[in-house]
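Notes follow once the structure below has been shown.
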2 protein chains.
Amino acid sequence: MAVTLADVAARAGVSSATVSRVLNGNYPVSGSTRERVQRAVEELDYVVNGQARALAAATSDLVGVLVNDVADPFFGILASALQTEIGAGAAQRGGGGKLAVVCNTGGSPEAELTYLTLLERQRAAGVVLTGGAVESEEHTAAVRARLVRLAASGTRIVLCGRPPLTGPDDGPPVTTVTFDNRGGARRLTEHLLSLGHRRIGYVAGPVERSTTRHRLEGHREALAARGLGPDTPEGAGALRLTVHGSYDRPSGYDAALELLRREPRLTAIVAANDSVALGVCAALRDRGLSIPDDVSVAGFDDLPFSADACPALTTVRIPLAEAGTRAGRLAMGRQSPPPGGVATITTELIVRASTAPPVTSGS
Amino acid sequence: MAVTLADVAARAGVSSATVSRVLNGNYPVSGSTRERVQRAVEELDYVVNGQARALAAATSDLVGVLVNDVADPFFGILASALQTEIGAGAAQRGGGGKLAVVCNTGGSPEAELTYLTLLERQRAAGVVLTGGAVESEEHTAAVRARLVRLAASGTRIVLCGRPPLTGPDDGPPVTTVTFDNRGGARRLTEHLLSLGHRRIGYVAGPVERSTTRHRLEGHREALAARGLGPDTPEGAGALRLTVHGSYDRPSGYDAALELLRREPRLTAIVAANDSVALGVCAALRDRGLSIPDDVSVAGFDDLPFSADACPALTTVRIPLAEAGTRAGRLAMGRQSPPPGGVATITTELIVRASTAPPVTSGS
DNA sequence: CTGTTAGCGCGTTCAG
DNA sequence: CTGAACGCGCTAACAG
């Protein structure tokens, strides 16, 4: 069926080993035979069998990239940058380009483990886990065990957008590119507080997610620093102004309505991310409330569409493309890990039109 | 190093063939030995070597998905739906789940070919090419040759969002899920015409792209049907109101400024897609023009953010998730190809706030 | 510089 | 129902 090395060798009148050598170019071969072989390859339209090569050489062309959802631009941008560093583009720049296997976990822990197994099967050269981690004790342990085994067998592991692996400090290195979610969230809420807001609703992401937790912690740190800690009457009120949902638009819509029900005098809502924030905006508009006059709204991530939203969204920028590029280089072993194995990507407050001082309508 | 079939066999006191049989479950094995083997697998944390299996069985766990840019939600949504059908999720629903290899071509013909080679190397089980095709004679032929070879070697080929393969009708089947871009564009421009617009600018995508061509053709069909064909004075004017750019926001921004330069009395602008339309909106706003009072704007694709844009965008919906699902099933051989090998996905005009009748300011 | 020889780890005959 | 033997296509020693 398919033409093999042996076929090429026969056609060129050499041994298959010689063909292999000209193909890989990692061994001296005389110019004349090289040419003869190359001609035979062209004529026969020969394409190496990646699996056979991988088996024999004990190497792989695959790098796994786990994301929650490629349809979400957050992961899309990350994946795109990773791809650029991993893939054929990188190959053309002269570094053994590999194939990026993008795996959609949908945020499901089981899917995450399933994919890790599949990638282990394929003896992937690297695995990048992106986005917030599910923080159940059991799942953390399971993932950790898998990653340690993968790393032990030579697979490079990179975490991007989630906290470093905890636990015993032995085991092979797992490098991490993490985002300063907590700091960003803190600065965002500080911004609202300094505008004069005091009754601030918070639409958090799914529970048991590292990203959700960090952003919420940052939010509460800012509140506490203004004397709105959970032990104060006003702060206790703030606690009740937190609702959890998923990281999508409909979730923001529902959450905003719920928050208004709990506290009609709300003057600001902070959302878990930009998509959620757009849902919040839609709900407020449907309720006849104007943004930011009646209620200020803020998001997180600064995805491209946030600047075009109505009104343009105040948010926290995460340089996703930069993070993805860095993670990709690490996964390809083309860049040495940062000291301590953890690089933190800083986040930046972006103030736009969706936040303004609360209108103190008399009272 | 890694534990192999033989290790498991030794531990279970059976032959490696038996282990292979219980693993694949496609051969009768007695209950007791089966259990013994399974225990050994557990104890040793055995994970099959995908490459060895693929080599021996001449099958592959990979399905390639070529996209222009995963960071673009258009492709993200498509890829997500494809993934769901191809990946571990499908596996859990009980159909040999495969790994989706998402390849970013960046719209580059060379990258497209490079990836096709890489996938051929891996003996991919399927390949899905998404998005508009580059329509140069040379590249079309090159891709066609590659696809024919892949199909001949048993790889299932699916085109999604691009026109069917042209050329001699021999060769193995290549199924296509194509979008009715032309019809959608026609209806969109008809909508503007029926609102009363006559001086309509058009921001087209990159030249030599099937999507660009089809949308532009639809636009011009609508014009011609209203007696604004290229042979009429007014129609000839319309021809000069077309500028080409890339499928992104900055391109729309620049194009809008250029169009205003060519025709300050413009009352509407149709964009190649929603991202471009947002760029157009931004440019108009910066020029102090209001949408839709001064200028109506329309996009294409109906990506999620379009409804939240300012104002909400009139556009043409393509059911991308549905298309991706369908293409995924076809690539997995889980659904039989449509008669003729071509399924056309219909598009739907979505009218929102960004289009309105032109304000006939006296004159 | 080149050919010969072994495997890589698994699926699959073919006997038993 | 099970084991032994062979080969998938290629790379990597080892000789020459």
Side-chain angles (χ1 to χ4, degrees), chain A residues 1-38 40-41 44-62 96 117-118 120-125 153-154, chain B residues 1-38 40-41 44-62 96 117-118 120-125 153-154:
Chain A
M1 266 248 353
V3 27
T4 74
L5 247 202
D7 298 333
V8 177
R11 186 117 160 90
V14 297
S15 77
S16 60
T18 301
V19 179
S20 167
R21 295 199 261 256
V22 326
L23 253 42
N24 294 300
N26 49 4
Y27 229 76
V29 175
S30 87
S32 61
T33 52
R34 165 187 312 278
E35 270 185 42
R36 215 140 31 89
V37 169
Q38 278 167 340
V41 167
L44 269 52
D45 265 335
Y46 171 70
V47 177
V48 293
N49 184 322
Q51 354 231 10
R53 164 182 290 185
L55 181 57
T59 62
S60 166
D61 284 8
L62 302 180
T117 302
L118 253 46
E120 192 174 350
R121 273 216 221 312
Q122 299 297 327
R123 306 295 187 258
S153 71
Chain B
M1 272 252 342
V3 26
T4 73
L5 249 201
D7 298 332
V8 177
R11 185 121 161 90
V14 296
S15 77
S16 60
T18 302
V19 178
S20 167
R21 284 170 191 139
V22 325
L23 253 45
N24 294 302
N26 48 5
Y27 232 77
V29 175
S30 87
S32 62
T33 52
R34 167 189 309 280
E35 269 186 42
R36 217 141 29 90
V37 169
Q38 278 168 342
V41 167
L44 267 52
D45 265 337
Y46 171 72
V47 178
V48 293
N49 184 321
Q51 352 232 5
R53 163 181 289 186
L55 182 56
T59 63
S60 166
D61 284 7
L62 303 180
T117 301
L118 254 47
E120 192 173 352
R121 274 214 220 312
Q122 301 296 327
R123 306 296 188 255
S153 71

Touch class at under 4.0 angstrom, heavy-atom based, for B:Ala17 against every strand present: base
Chain A contact limits on DNA chain D, taken 5' to 3' with a cut-off of 4.0 angstrom to heavy atoms: D:dG9 to D:dA13
Stepwise side chain to side chain contact (heavy atoms under 4.5 Å, CB included) check, B:Leu62 with A:Leu62: CA-CA 10 Å; B:Leu62 303 180; A:Leu62 302 180; 4.2 Å; yes
Nucleotide range of DNA chain C lying under 4.0 Å from chain A heavy atoms: C:dC1 to C:dG9
Position toward the 5' end of DNA chain D (nearest nucleotide), B:Ser16 or B:Val29: B:Val29
Position toward the 5' end of DNA chain C (nearest nucleotide), B:Thr18 or B:Gln51: B:Gln51
Rounded distance [0.5 Å steps], CG in A:Asp61 versus CZ in A:Arg123: 15.0 Å
Position toward the 5' end of DNA chain C (nearest nucleotide), B:Leu55 or B:Tyr27: B:Leu55
Criterion side chain to side chain contact (heavy atoms under 4.5 Å, CB included) on B:Thr18 and B:Arg21, from CA distance to verdict: CA-CA 5 Å; B:Thr18 302; B:Arg21 284 170 191 139; 4.2 Å; yes
Counterpart residues, side-chain contact (heavy atoms from CB on, under 4.5 Å), relative to B:Asn24 (two or more places apart): B:Ser20, B:Asn26, B:Arg53
Residue met sooner reading DNA chain D from 5', once B:Pro28 and A:Val48 are mapped to nucleotides: B:Pro28
Which atom of A:Leu55 lies closest to which atom of B:Ala52, heavy atoms considered: CD1-CB, 3.8 Å
Exam field: side chain B:Gln51 to backbone A:Gln122, donor-acceptor pair closer than 3.5 Å: yes
Sugar-phosphate, base or nothing in reach of A:Leu5, heavy atoms under 4.0 Å: base
Min side-chain heavy-atom separation A:Val22-A:Val14 under 4.5 Å: no
Donor-acceptor contact present, side-chain A:Arg121 to main-chain B:Gly50, <3.5 Å: no
